[in-house]
Amino acid sequence: MVAEAVELKTQRLSGTIDELARPIGKNRRAMKKLILIPRSLGMPRLLSAQCLLRSGATVIVSFLFSQTMFAADFTVTSPGFFYAINGNQPNPTITLVRGRTYTFAVNSSSIHPFLINSPGVLNNNISQGTITYTVPTVASNYNYFCSIHGFGAQILTVAPPLPPPPTIQILSLAASNNVVLRSTGTNGWSVNPEYSTNLTTTNWFALSILSNSFLNGINETICGRPPGSNVFLRIRSQPN
């Protein structure tokens, strides 16, 4: 931070280089503010950072956070011989998405340490602190419980939501003995051409695919020719 960076709103020092700033942030956590003042300035110790900046000195300001400033996904307390999670009690079942990472801010009684019975847990089995849990990607359920008294509940896991399907548009159509369809697409999604002879019905029939290739955002699908000479074609996409 150089001398020209003026108009900073800071509080006056108390005579030392260490002082506690007022609680800030979402969780109102206290943080320590360390201000390093060059000794060669020859100035009194009772100065504000703003005065130093106006006088042309360089001041280095750093912050040490005593606790994380970010809210955890779940807060765990023990109002009795049970857990309350995000205010829900007693011992609620929780549902997590496989592959995602969650944090549990545990503030329970020392006789009710919180334990997650699953792989992927860091700082497990505690009564004070933060547990980090990366849910396994396998289709399985787990549980949490008090490692002393055994009360707890189930952790259900669900698959992550599928990405939205890409927009598919037919770019060109060539028909001879076979049909060659060129369409927009996205890698990881396959196209399935279908035909119908009557749009007033919901009957669509799959065309036999001879080959399908994807390059530079374009699918080229070669399929068998549908019967008749007056048909409607569409492309249905699905994940590979």
Side-chain angles (χ1 to χ4, degrees), residues 20-33 62-168 184-192 212 214 217 219 235-240:
L20 287 177
R22 60 186 178 182
I24 66 171
K26 182 176 181 180
N27 293 327
R28 310 297 294 170
R29 302 295 191 189
M31 67 179 186
K32 177 174 285 190
K33 181 173 65 178
S62 60
F63 295 97
L64 300 178
F65 295 95
S66 59
Q67 296 188 44
T68 178
M69 300 294 291
F70 301 100
D73 298 296
F74 298 95
T75 57
V76 181
T77 58
S78 57
F81 272 72
F82 57 86
Y83 290 122
I85 299 182
N86 286 355
N88 299 316
Q89 59 182 351
N91 306 321
T93 297
I94 58 178
T95 301
L96 306 179
V97 177
R98 298 178 199 128
R100 291 188 181 175
T101 299
Y102 299 86
T103 53
F104 292 74
V106 182
N107 184 22
S108 63
S109 167
S110 59
I111 64 171
H112 299 318
F114 185 79
L115 186 147
I116 297 176
N117 185 24
S118 167
V121 186
L122 297 178
N123 200 31
N124 206 6
N125 196 21
I126 60 172
S127 56
Q128 297 289 321
T130 300
I131 293 176
T132 302
Y133 177 31
T134 300
V135 184
T137 56
V138 296
S140 182
N141 296 322
Y142 305 95
N143 58 76
Y144 67 85
F145 58 88
C146 170
S147 59
I148 295 177
H149 300 101
F151 60 78
Q154 194 173 31
I155 298 175
L156 303 177
T157 70
V158 296
L162 292 175
T167 299
I168 303 296
T184 59
T186 301
N187 196 19
W189 287 73
S190 60
V191 295
N192 300 289
N212 192 7
F214 176 81
N219 285 297
I235 289 179
R236 180 170 51 85
S237 63
Q238 64 183 29
N240 292 337

Any chance you could measure [X], atom [atom1], to [Y], atom [atom2], to the nearest 0.5 Å?
X      : Y      : atom1 : atom2 : value
Asn192 : Asn212 : CG    : CG    : 8.5 Å
Asn107 : Thr77  : CG    : OG1   : 7.5 Å
Asp73  : Leu96  : CG    : CG    : 9.0 Å
Ile94  : Leu156 : CD1   : CG    : 9.0 Å

Within-4.5 Å side-chain heavy-atom neighbours: Ile85 and Tyr144: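 Yes; the side chains approach each other to less than 4.5 Å.
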With heavy-atom distances below 4.5 Å as the criterion, would you say the side chains of Phe151 and Pro90 are in contact?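 They are not in side-chain contact.
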Residues which pass salt bridge (charged side-chain N to carboxylate O under 4.0 Å, His left out) with Arg98, listed by chain and number, not counting sequence neighbours: none
According to the side chain to side chain donor-acceptor pair (under 3.5 Å) rule, which pairs have a member within residues 116-126, sequence neighbours left out?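 Checked against side chain to side chain donor-acceptor pair (under 3.5 Å) - neighbours excluded - the pairs reaching residues 116-126 are Ser118-Tyr133, Asn125-Ser147.
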Qualifying side chain to side chain donor-acceptor pair (under 3.5 Å) pairs, either residue in residues 80-94, two or more places apart: Thr75-Asn86
Starting from the C-alpha separation in whole Å, work towards a yes-or-no answer on ring-ring contact (aromatic ring centres under 6.0 Å, His included) for Phe104 and Phe74. CA-CA 5 Å; Phe104 292 74; Phe74 298 95; 4.8 Å; yes
Measure from the side-chain N and O atoms of Ser109 to the backbone N and O of Ser78, and report whether any donor-acceptor pair falls under 3.5 Å. no
Side-chain donor or acceptor of Asn141 paired with backbone N/O of Thr157 under 3.5 Å: yes
Might you work through the side-chain contact (heavy atoms from CB on, under 4.5 Å) test for Thr134 and Arg100, ending with a clear yes or no? CA-CA 6 Å; Thr134 300; Arg100 291 188 181 175; over 6 Å; no
Donor + acceptor pair across side chains of Ser127, Ser108 (<3.5 Å): no
